[in-house]
Amino acid sequence: MAAPSPSAGLLETLLFTQQITAPVFLLVFLGLLLRRTNLITDEFNQTASGLVFKVTLPLLVFLSLLRTDLTMVFAPGLLAYAVLVTLLGFLWLLWHARRLPSVADRGVFVQGAFRGNLGILALALAGNQYGEPGMALTSILMAALVVQYNMLSVIALNMWRETTGTRWLFMLRDMLRNPLIIAVALAIPASLWQLSLPGVVMKTADSLASMTLPLALLCVGAALDLKVLRATSGTALMATAYKLIILPAPMLFGAWLLGYSGMTLGVLFLIFACPTAAASYVMARSMGGNASLAANIIALTTVLGTLTISLGVFGLSLTGLS
């Protein structure tokens, strides 16, 4: 029997990549279409986003961790690496931001260039590629990085703020009350102790959790405003380049040098390279930053991320690294 041609293997890898990334981003753009036709209103999007953030997404994270053997995916060294390279990337961005002429742009630039949409896009992509083990590993990393993202964002937005006086205790309280962090904190001991819930409870929970990713991705798309792309600035383009390419590349290379491969390397790529979190707009606006720039960065990274993430997943699959 003749060996498969290199072009056949390339096509197979390309099709595999499309199966991972296309469903996620098609749902995002479907949300944009439904919003433009008024089938999704601002009120619905706000309510649905709250439901996802407070109920269904934490439930999905809890169930994925509960069903996973955490001794197989929990790695303190991996957590330390993700936190460390995120901090180094943040410091690099602070250095770069000093050269921006507009003071109001600096903190927004930094936040938009490092703060990824882990709870929705990274989790959805990891689930598509690796199933529940990938979602469990992403959830564990997300628990640490969500706290770090919030702290570093506050620091960045305060560094060039005219009025200071951040209420750190209130910020800490809000982080401790974050539903995703609570879900992870409850799920880890439950999984390690192999606790089980009644069948009817699990079935109901599964039904609720299954709503999460489709609904969340539709909400992300409905929140996009492509009109802001017309006012895209060089600063937004630079932040997008950092978020999608400049930072993920050395972060992933460092992980590879440390010996990470397979699902672990793939999940790290999806976490490091996912588009900017929508929460960055809310925080920038509330803390006196350039909210228009924040919206531009979110829109640009979401649109261009469809290409860069697809190419990244394709490259990792083609080389056999993930």
Side-chain angles (χ1 to χ4, degrees), residues 16 18-31 34 39-40 44-75 116-146 177-223 262-264 266-267 270-271 274 277-279 313:
F16 173 71
Q18 290 179 337
Q19 290 174 0
I20 295 169
T21 59
V24 172
F25 289 108
L26 282 176
L27 279 172
V28 172
F29 290 113
L30 178 59
L34 294 176
L39 290 175
I40 291 181
F44 173 85
N45 196 26
Q46 183 176 358
T47 302
S49 297
L51 177 66
V52 167
F53 179 70
K54 296 176 181 178
V55 180
T56 67
L57 181 57
L59 189 57
L60 177 65
V61 169
F62 177 85
L63 292 176
S64 66
L65 289 174
L66 184 65
R67 291 172 171 150
T68 301
D69 184 356
L70 295 182
T71 60
M72 301 296 292
V73 298
F74 183 70
N117 194 339
L118 305 187
I120 298 174
L121 291 177
L123 198 63
L125 289 163
N128 271 9
Q129 186 166 3
Y130 302 109
E132 286 197 352
M135 293 177 67
L137 179 58
T138 305
S139 299
I140 291 172
L141 289 165
M142 185 174 64
L145 292 176
V146 163
R177 291 166 60 180
N178 186 299
L180 295 175
I181 296 175
I182 293 173
V184 174
L186 293 175
I188 289 177
S191 178
L192 293 175
W193 295 335
Q194 298 183 341
L195 297 180
S196 60
L197 299 175
V200 65
V201 173
M202 290 296 292
K203 189 170 183 179
T204 304
D206 281 330
S207 297
L208 278 172
S210 65
M211 299 168 47
T212 302
L213 296 180
L215 184 59
L217 293 170
L218 288 174
C219 289
V220 169
M263 181 185 74
T264 301
V267 166
L270 296 175
I271 284 176
C274 70
V313 172

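Side-chain atoms of Leu118 and Leu145, non-hydrogen and from C-beta on, do get closer than 4.5 Å to each other. Counting heavy atoms from C-beta outward, Leu60 and Met211 have side chains that stay 4.5 Å or more apart.
Taking both residues in full, the closest heavy atoms of Ala126 and Gly134 are given as CB-O, 3.9 Å, listed atom of the first, atom of the second, then distance. Looking at every heavy atom in both residues, Ala183 comes nearest to Phe62 through O-CD1, 3.8 Å.
No donor-acceptor distance shorter than 3.5 angstrom exists from the side chain of Ser49 to the backbone of Gln46, with no hydrogens or angles considered. Side chain of Thr212 to main chain of Ala209: a donor-acceptor pair is present (N/O by atom type, distance under 3.5 Å, no hydrogens or angles).
Between Leu59 atom CG and Leu208 atom CG the span is 6.0 Å, to the nearest 0.5 Å. Put simply, CG on Leu125 and OH on Tyr130 are 10.5 Å apart, with the number rounded to the nearest 0.5 Å. Once rounded to the nearest 0.5 Å, the distance linking CG of Leu27 with CG of Leu217 reads 5.5 Å. Note: Met263 CE to Thr138 OG1 = 8.0 Å, rounded to the nearest 0.5 Å. Put simply, CG on Asn117 and CE on Met142 are 10.0 Å apart, with the number rounded to the nearest 0.5 Å. Taking CG of Leu26 as the start and OG1 of Thr21 as the end, the distance is 8.5 Å to the nearest 0.5 Å.
Just one of Leu213, Val28, Leu270 meets the side-chain contact (heavy atoms from CB on, under 4.5 Å) condition when paired with Leu121; it is Val28. Exactly one of Leu186, Ile140, Leu123 qualifies for a side-chain contact (heavy atoms from CB on, under 4.5 Å) with Val61. That residue is Leu123.
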Stepwise side-chain contact (heavy atoms from CB on, under 4.5 Å) test for Thr56 and Leu215: CA-CA 10 Å; Thr56 67; Leu215 184 59; 5.6 Å; no

